Amino acid sequence: MTDPAPVLDDDPFSDDFLADPYPRHERIRDAGPVVRLSRYGIWASARHEQVFAALTDWRTFSSASGVGLADFRKEKPWRVPSLLLEADPPGHTQVREVMAQVLSPRRVRGLRERFAPVADELVSDLVERGSFDAVRDLAEVFPLRVFPDAVGLPEEGREHLLRYGDMAFNGFGPRNDLFGRAMADAEQVQAWITAACRRENLAAGGLGRDIWAFADTGTITQEQAAMLVRSLLSAGVDTTVYAIGNALAALTAHPGQWARLHDDPTLAKHAFEEAIRYESPVQTFFRTTTRTTDLGGVWIGPGEKILLFLGAANRDPRKWENPHTLEITRRAAGHVGFGMGVHGCVGQQIARLEGDVVLSALAERAATLTPTAAPVLRPNNTLRGFSSAPIQVDKATVRRR
Amino acid sequence: MIAMGGPAAEKEFVSVVRDKTVVADGVVTLELGRPDGSPLPPWRPGAHVDLILDRGLVRQYSLCGDPADLSAYRVGVLREPAGRGGSAYVHDTLAVGDRVLTRGPRNHFALDDAPSYLFVAGGIGITPLLPMIVEADTRNSRWSLLYGGRTRRSMAFLDVLERYGDRVLVHPQDTSGLLDLRGFVAGCTNGTLVYGCGPEPMLAALEDACGVRAREILRVERFSPKEEVHTGGDGAFDVVLARSGLTVKVGPGQTVLERVEAAGVNVLSSCQEGTCGTCETDVLEGTPDHRDSLLTEDERAEGTTMMICVSRCLGERLVLDL
């Protein structure tokens, strides 16, 4: 037996919702495993069990019609669909395989040697200053200092990366003001991105050229190579900026957890993982059903859009104890902050590396983090995070390690 | 060609590479015989064998030679640049005279009796169909083959197929475009069976073309999504956690990760299926039985790191940096 789904009037892309999503998530979770959002005529789930089930069943929950609100079968996407994100197996499988090799464990291990000293230097300067903005001076600075070099991007115009990420992630929502503002200088940004993806503009030894090497062997076409570099650029920058900023804001708001991390900086990777669960940078993705399916006792017909609240699944009390508390030694495995299944973030080990080296460096040097002003939200249709989080740090007096 | 592997219960035997020949762009054939020249196990069209290539790397290849000739097995191997090293090993390293551990043969794609057959091959998917065609022709069944590939030069065995004249339709994609599967399948009469082997999109299109009759008339052999990796079984082993000073037992059906966590050691993990890389752990001693989808062939061979959510142990003891 299945029950009709509850119908809700929420607009998950409204300013109010984005400013304070968690109580709204709770209402949606409590309403049922799957609900109908009447405003957009779509289905939605905010519970971990159903979100996880949908993410790990690509046959039923397709990405090829777009992972945002727009249904590519009915409306033209604002950009050429991604070969990775907005595709299904079997076409997805080979390009994913190429990316998995480009971002292999060995490659990411090699990046640590380059990323860690940059984090150490940046963090030690900030700690000397005593007070700084955790987002503007650290979360936004670090990824932009290491990632474009790792990809092999040209020096000039890298500021376009954040603009492009802003477009891409607002682009998964409705055509609201957020999207309109993000698209204000779209042409210029897209032109820079398109140029940056070309083989001749990518430095030898970088991840970009590694992708192109697969075009040389005929595994992928030149067009695919350029598109996959684009995927690195759209998914690899903003997400880590938000993740590091959110982790710092969360740890600032939980002084006991920071004390624990300061006491044992090797917990940094666990702290970062838990922060992804606690304040998930990517809050939502959509899927489209390929057939009639029963999700949590609700029948959904074929061709239907369903909104998956990743950030809400990561705080579902049915799955997590004390979900609204940051606990850095918690077992955070199973969170869907990087997605799950065949579309699970292919660059997640680079994200973890960036988070680990930044948090380790700060945990070594700062005994306490104290907010000097409330964090300022940076609203985005998909991403949750802050544009500013001013903090003051107490420098650790004794080097214990 | 790589086929889905079945359970590995059969006996393994040593074969020797008697011949290795390039038969098309990126395709070699191997002939494998017993070292002492004694007959190989018999097989029927559609069968495949496992070749245990190097350091436990297992690949399945369809037999494409003559079932009546048990002095040698013949397999065709496509170089797959995006593969995990099996085809590259066959192409670049394996040489005439080398010994190869072999398992099988096994058949999940048998040729059922029918008055007529339609065969559809995509690229290296021609291999299991070749002996079927010989058999169908010998039985005087009506048959026709639609054979697609990227380019003519990449399509193996065209010389062998030549003698069948217009029963064989050769469609290189660069000159003839995509296969007209719908048109081809329209040639089905009562009792016709359709046998297809090739890449997944082609098989999906073929299934689509067969429509509601697919279940009844269509037989396909799929390329495995991930090449199967040889495993040392699910036996128990010990894991020593060097930094924690603990030893845990991992029993059949248990994972290293869950046992380590149960011992109170906090390890990062995420996908629990060997695809994300989060639980990668340094190996200090012992030989991992790698079952993840991430490490390269070199890294597997080095064995200095492993994904503890799925990978196991090829011996009785692992020492991990935990």
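Letters A, B, ... mirror the listed sequences (proteins, then strands); counts begin at 1. As the structure is a prediction and not an experimental result, all values here were calculated from the model.
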Should we count NZ of A/Lys269 as having more than 12 external heavy atoms under 6.0 Å?
no

B/Arg152, CZ atom: more than 12 neighbouring heavy atoms under 6.0 Å
no

A/Thr266 OG1 to B/Arg243 CZ distance, which is reported to the nearest 0.5 Å
7.5 Å

Can you establish whether the number of heavy atoms outside B/Arg215 located under 6.0 Å from its atom CZ is more than 12?
no

Could you tell me which non-hydrogen atom of A/Gln348 sits nearest to which non-hydrogen atom of B/Ser270, and how far apart they are?
OE1-OG, 4.1 Å

Among B/Cys279, B/Cys276, B/Pro201, B/Cys271, residue most engaged with chain A (heavy-atom pairs, under 4.5 Å)
B/Cys276

A/Pro105 vs B/Leu295 side-chain heavy atoms within contact, under 4.5 Å
yes

Set of ring pair (Phe, Tyr, Trp, His ring centres under 6.0 Å) partners for A/Phe115, sequence neighbours left out
none

With a 4.0 Å cut-off on N to O distance, would you call B/Glu280 and A/Arg352 a salt bridge?
no

Would you indicate whether B/Glu207, at its atom CD, is surrounded by more than 12 heavy atoms from other residues, nucleotides or ligands within a distance under 6.0 Å?
no

Can you pull out the residues in residues 329-340 of chain A with any heavy atom less than 4.5 Å from chain B?
A/Thr329, A/Arg330, A/Arg331, A/Ala333, A/Gly334, A/Met340

Would you say that more than 12 heavy atoms from the other residues, nucleotides or ligands in this model lie under 6.0 Å from the CD of A/Glu49, or not?
no

Distance check, rounded to the nearest 0.5 Å: A/Glu273 atom CD versus B/Thr278 atom OG1?
6.0 Å

Set of residues satisfying side chain to side chain contact (heavy atoms under 4.5 Å, CB included) with respect to A/Asp210, sequence neighbours excluded
A/Val102, A/Arg107, A/Leu207

Minimum side-chain heavy-atom gap B/Ser293-A/Glu97 below 4.5 Å:
no

Given side chains that start at C-beta, do those of B/Glu299 and A/Arg109 come closer than 4.5 Å, heavy atoms only?
yes

Go through A/Gln94 and B/Glu200 one step at a time and tell me if the side chain to side chain contact (heavy atoms under 4.5 Å, CB included) criterion holds.
CA-CA 11 Å; A/Gln94 192 184 31; B/Glu200 186 64 37; over 6 Å; no

Can you sort out the partners of A/Glu223 under side chain to side chain contact (heavy atoms under 4.5 Å, CB included), two or more places apart, ordered by chain and number?
A/Thr221

So, taking the atom named CD in A/Glu274 and the one named CG in B/Leu268, what distance separates them when rounded to the nearest 0.5 Å?
11.0 Å

Taking atom CZ of A/Arg260 as the centre, report whether more than 12 heavy atoms of other residues, nucleotides or ligands fall under 6.0 Å from it.
no

Should the heavy atoms of other residues, nucleotides or ligands under 6.0 Å from CZ of A/Arg318 be counted, would the total exceed 12?
yes

